[in-house]
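Read the structure below first, then the notes.
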Amino acid sequence: MSNCYFVIVGTKDNPLYEAEFGPLAKDAKNDNRHLHQFIVHSSLDIVDELLWGTQSKYLKIVDKFNEWNVSAYVLPSGIRFMLLHDTMNTDGIKHFFQECHELYIKVLLNPFMDVNGIVSSGLFDQRVKVHARKWL
């Protein structure tokens, strides 16, 4: 598994869910979470620009920073799935986004869940990590 940082970004550019995968996520000494957040947040404007030129939900690699690539997947509601990764695995990333999209829809079926509400479900987190191990 490669090093990845996955975030679901709401329509108001607020993070709804964050997760890190790979060897760096387990290393407590290497705290790059703020750098990862900065890279992903700076890519949001690029994603918004690319949306005007395509009808596809999966935008592939939208930005690069040193050895990191940023891939994006946009839901019809304007929610954005952003993945910061260090390897090229476009098919696996696309499948990962599709699986996470299905999981997110199941979370939104809860009548008490707001579209821009923070996803704090332990089961959602667990299933996202299972899909990350499978596809990334």
Side-chain angles (χ1 to χ4, degrees):
M1 178 189 290
S2 65
N3 294 311
C4 299
Y5 171 72
F6 174 65
V7 63
I8 299 175
V9 180
T11 58
K12 299 175 183 173
D13 293 343
N14 56 323
L16 306 179
Y17 172 80
E18 294 178 291
E20 289 183 323
F21 316 113
L24 285 181
K26 296 172 185 158
D27 187 13
K29 295 178 185 175
N30 191 359
D31 186 25
N32 290 328
R33 178 170 233 138
H34 295 294
L35 176 63
H36 296 163
Q37 290 172 346
F38 177 75
I39 295 169
V40 169
H41 191 74
S42 66
S43 301
L44 289 175
D45 291 334
I46 297 169
V47 171
D48 290 339
E49 287 179 21
L50 290 174
L51 282 177
W52 287 98
T54 184
Q55 293 184 7
S56 176
K57 293 188 285 186
Y58 177 53
L59 300 177
K60 298 186 181 179
I61 295 177
V62 295
D63 197 10
K64 293 183 180 190
F65 178 81
N66 293 339
E67 74 274 0
W68 295 98
N69 300 313
V70 181
S71 296
Y73 184 90
V74 182
L75 279 59
S77 62
I79 302 293
R80 290 153 298 190
F81 291 177
M82 307 287 288
L83 183 71
L84 181 68
H85 53 95
D86 59 358
T87 59
M88 302 295 281
N89 181 10
T90 55
D91 290 335
I93 292 170
K94 182 177 181 179
H95 290 294
F96 173 72
F97 279 146
Q98 289 171 342
E99 297 285 345
C100 289
H101 185 185
E102 290 179 20
L103 290 173
Y104 186 69
I105 288 172
K106 290 177 184 176
V107 168
L108 286 180
L109 289 175
N110 181 351
F112 299 109
M113 181 67 182
D114 182 30
V115 174
N116 280 315
I118 294 174
V119 179
S120 58
S121 169
L123 185 61
F124 179 82
D125 184 54
Q126 193 177 34
R127 289 185 179 171
V128 166
K129 290 180 180 177
V130 166
H131 290 304
R133 271 186 251 122
K134 180 178 179 183
W135 295 109
L136 301 179

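Counting begins at 1 with the first residue of the sequence. Any value given below was found using the heavy atoms of this structure, including those in side chains, with hydrogens, waters and symmetry copies removed.
For Ala72 against Val62, the heavy-atom pair with the smallest separation is CB-CG1, 4.2 Å. Minimum interatomic distance between Phe81 and Cys100 (heavy atoms only, all atoms of both residues): CE1-C, 3.7 Å. For the pair Val115 and Leu108, the tightest heavy-atom approach, listed with the atom from each and the gap, is CA-CD2, 4.2 Å. In this structure, Val47 and Met82 approach most closely via the heavy-atom pair CG2-CE, 3.8 Å.
Listed by chain and number, the residues in a side-chain hydrogen bond (donor to acceptor under 3.5 Å, both in side chains) with Ser121 amount to none (sequence neighbours excluded). For the side-chain hydrogen bond (donor to acceptor under 3.5 Å, both in side chains) test, no residue two or more places apart in sequence or in another chain qualifies with Ser77. Shown here are the ring pair (Phe, Tyr, Trp, His ring centres under 6.0 Å) partners of Tyr5, two or more places apart in sequence or in another chain: His36. Applying the side chain to side chain contact (heavy atoms under 4.5 Å, CB included) rule to Thr87 yields the partners Ser2; only residues at least two apart in sequence or on another chain are considered.
Applying the side-chain hydrogen bond (donor to acceptor under 3.5 Å, both in side chains) test to residues at least two apart or on different chains, the pairs with a partner in residues 90-111 are Tyr73-His101. Within the structure, salt bridge (Lys or Arg N to Asp or Glu O under 4.0 Å) pairs that include any residue of residues 109-128 comprise Asp125-Lys129 (at least two apart or interchain). Residue pairs meeting the salt bridge (Lys or Arg N to Asp or Glu O under 4.0 Å) criterion with at least one member in residues 53-76: none, sequence neighbours excluded. Sorted by first and then second residue, the pairs that involve residues 37-55 and meet salt bridge (Lys or Arg N to Asp or Glu O under 4.0 Å), not counting sequence neighbours, are Asp48-Arg80.
With a 4.5 Å cut-off on side-chain heavy atoms, His41 and Val9 do not count as touching. At a threshold of 4.5 Å between non-hydrogen side-chain atoms, the residues Gln37 and Val7 do not count as touching. At least one side-chain heavy atom of Phe6 sits under 4.5 Å from a side-chain heavy atom of Phe97. Here the side chains of Leu136 and Leu83 are in contact, with some heavy-atom distance below 4.5 Å.
Note that the SG atom of Cys4 and the CG atom of Asn89 stand 8.5 Å from one another [nearest 0.5 Å]. Of the inter-residue distances, the one linking Asn69 atom CG with Ile93 atom CD1 reads 7.5 Å to the nearest 0.5 angstrom. The CH2 atom of Trp68 lies 5.0 Å from the CG atom of Asn3; values are rounded to the nearest 0.5 Å. Atom CG in Leu75 sits 8.5 Å away from atom CD1 in Ile8 (nearest 0.5 Å). To the nearest 0.5 Å, atoms OG (Ser71) and CG (Leu84) are separated by 9.0 Å. Here the CG-CG distance, from Asp13 to Asn116, works out to 9.5 Å after rounding to the nearest 0.5 Å.
Other cluster members for Ile61: Met88, joined by side-chain heavy-atom distances under 4.5 Å among Ile, Leu, Val, Met, Phe, Trp and Tyr.
No more than 12 heavy atoms of other residues, nucleotides or ligands sit less than 6.0 Å from atom CD1 of Ile118.
Using a distance-only test at 3.5 Å, with no hydrogens or angles considered, no donor-acceptor pair links the side chain of Thr54 to the main chain of Leu51.
In terms of hydrophobic clustering, with Ile, Leu, Val, Met, Phe, Trp and Tyr side chains grouped at heavy-atom distances under 4.5 Å, Val70 and Ile46 are assigned to a common cluster.
Using bins of under 30°, 30° to 60° and over 60° for the plane-to-plane angle, the ring pair Phe124/Tyr17 lands in the perpendicular bin.
The aromatic ring centres of Phe65 and Phe38 sit 6.0 Å or more apart.
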